> 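Pasting in a structure now, in structure tokens, and then I'll have a few things to ask.
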Amino acid sequence: YQFPMAKILETFDFLDESQRVLTEGGEKGKRYLAKIQDVARAFQNYKIPVIQIKQTSLTEAVEIFARLNSKGQSMSADQMVSALLYREGDRDPFDLAREIDDSMKILNSYGFGDIDRTVVLRTLLAAVKEDIYRTDWTRVAVGRREELQVRLRRVLPEVNRGLESAGRFLGRQLHVPTDRLLPYAMQMTVIASFFTAQPEPSDEQLALLKRWFWVSSFTRWFGGANPSRVNALVRDFMDNVAAVSYTHLRAHETGRN
């Protein structure tokens, strides 16, 4: 309350404020100033460890940051992927994090703006037939950066339409108008992946999708499913459920049960 912290580090500001404290505070001002000097010394004498890493590529720099960044500014999965896919000098750079920002705006317009951004990333990964729980992005970025950039860029419009259809389906047909009422965030990934693969589903397919949603919600399927089972479920919805007739769907569903 007596001394602005912003005046601690700049010498002239510190001297001006110190003079003010002495003038206005009298004997108390001297005691305040002694404490203020201790605080200033603590900042001035604090040693910050710095490790310089030279001649390092951007990919290696991002990996180093990810491994060391246990505190401070957190990095979401899509931001990590975006940084690893980026390459200096690209004529038409692909900023995955910014694209996911746009996808989140679509979800926000349907009441799902607070859902985890990883949902969009996983829907994109499903669309390019990658593991939706992939974590070894540094190895992918080194060997497959250009290929993955092209594939992700190509499926973005379809995925955004799938996300929009999923938001509309949840709100209008399932009466789940907001992410706060969505039992499991991964349900959005499954439904969006379905609509990405099948933009114009039949009434029979929609009926199955509704039934699957409530069954997976009340049985808490996602609460006990491991990543490989969820991956298989998403792939199943994209490759099979979105492509077959209702008769086959019933037989397929019965067989899985």
Side-chain angles (χ1 to χ4, degrees), residues 77-78 81 100 103-104 106-135 151-152 155-246 248-257:
D78 65 281
V81 178
I100 289 181
S103 301
M104 292 299 296
I106 294 173
L107 290 176
N108 186 58
S109 65
Y110 288 93
F112 295 89
D114 290 331
I115 204 166
D116 196 305
R117 293 168 60 91
T118 308
V119 166
V120 177
L121 175 62
R122 286 175 174 163
T123 306
L124 280 164
L125 293 175
V128 295
K129 301 185 186 302
E130 292 282 347
D131 181 355
I132 65 173
Y133 287 98
R134 178 179 287 282
T135 57
R151 291 165 63 200
L152 288 170
V155 301
L156 258 169
E158 299 170 13
V159 168
N160 282 337
R161 286 194 293 269
L163 290 166
E164 185 173 8
S165 297
R168 188 184 304 115
F169 174 76
L170 284 164
R172 296 180 183 178
Q173 299 202 37
L174 296 180
H175 306 291
V176 180
T178 172
D179 50 76
R180 291 191 298 274
L181 298 178
L182 188 65
Y184 298 96
M186 277 304 302
Q187 289 173 314
M188 173 65 80
T189 295
V190 175
I191 296 172
S193 297
F194 168 80
F195 281 109
T196 299
Q198 178 53 271
E200 298 181 0
S202 66
D203 291 340
E204 296 164 335
Q205 289 170 322
L206 291 176
L208 178 72
L209 196 59
K210 290 179 184 178
R211 189 162 65 252
W212 167 83
F213 175 82
W214 293 119
V215 169
S216 66
S217 298
F218 286 109
T219 59
R220 302 179 182 180
W221 188 87
F222 285 97
N226 58 40
S228 62
R229 292 186 68 192
V230 178
N231 261 305
L233 176 70
V234 173
R235 190 81 272 132
D236 208 24
F237 266 77
M238 296 191 76
D239 294 343
N240 298 321
V241 176
V244 297
S245 67
Y246 184 64
H248 289 144
L249 288 174
R250 290 300 302 273
H252 179 70
E253 184 185 37
T254 303
R256 287 185 65 86
N257 290 339

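Note that the structure is predicted; figures quoted are calculated from it, not measured.
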> Is there a side chain to side chain contact (heavy atoms under 4.5 Å, CB included) between Met188 and Leu170? Walk through the geometry before answering.
CA-CA 9 Å; Met188 173 65 80; Leu170 284 164; 3.6 Å; yes
> Is the closest side-chain heavy-atom distance between Pro183 and Phe218 below 4.5 Å?
no
> For atom CZ of Arg168, decide whether the heavy atoms of other residues, nucleotides or ligands shown that lie under 6.0 angstrom number more than 12.
yes
> Without swapping roles, check the side chain of Gln205 against the backbone of Val241 for a donor-acceptor pair under 3.5 Å.
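Yes, Gln205 side chain to Val241 backbone: donor-acceptor pair under 3.5 Å.
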> Mind checking whether Phe195 and Glu164 have side chains closer than 4.5 Å, heavy atoms only?
no
> Check ring pair (Phe, Tyr, Trp, His ring centres under 6.0 Å) between Phe237 and all other residues, then give those that pass, not counting sequence neighbours.
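Ring pair (Phe, Tyr, Trp, His ring centres under 6.0 Å) list for Phe237, sorted by chain: Trp212.
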> Could you please spell out the steps behind the side chain to side chain contact (heavy atoms under 4.5 Å, CB included) verdict for Asp239 and Lys129?
CA-CA 10 Å; Asp239 294 343; Lys129 301 185 186 302; 3.7 Å; yes
> Restricting to non-hydrogen atoms, name the atom on Ala197 and the atom on Met238 that form the minimum distance, rounded to 0.1 Å.
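Where Ala197 meets Met238 most closely, the heavy atoms are CB-O, 3.5 Å.
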> Flag the pair Ile115 / Met104 as yes when at least one side-chain heavy-atom distance between them is below 4.5 Å, and no otherwise.
yes
> Find out whether Val119 and Phe112 are in side-chain contact, i.e. whether some heavy atom of one side chain is under 4.5 Å from a heavy atom of the other.
no
> Is Leu125 close to Asp131 at the side-chain level, that is, under 4.5 Å between some pair of heavy atoms?
no
> When you look at CG of Asn226, are more than 12 heavy atoms from neighbouring residues, nucleotides or ligands closer to it than 6.0 Å?
yes
> Does the side chain of Met186 reach to within under 4.5 Å of the side chain of Ile132, using non-hydrogen atoms?
yes
> Check Gly162 against Thr196 and note the closest heavy-atom contact, atom names and distance.
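Residues Gly162 and Thr196, closest heavy atoms: CA-OG1, 3.7 Å.
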> Could you check whether any side-chain heavy atom of Leu107 comes within less than 4.5 Å of a side-chain heavy atom of Val120, counting everything from C-beta outward?
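Yes. Closest side-chain heavy atoms under 4.5 Å.
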> How would you list, by chain and number, every residue that makes a ring pair (Phe, Tyr, Trp, His ring centres under 6.0 Å) with Phe222, sequence neighbours excluded?
Tyr184
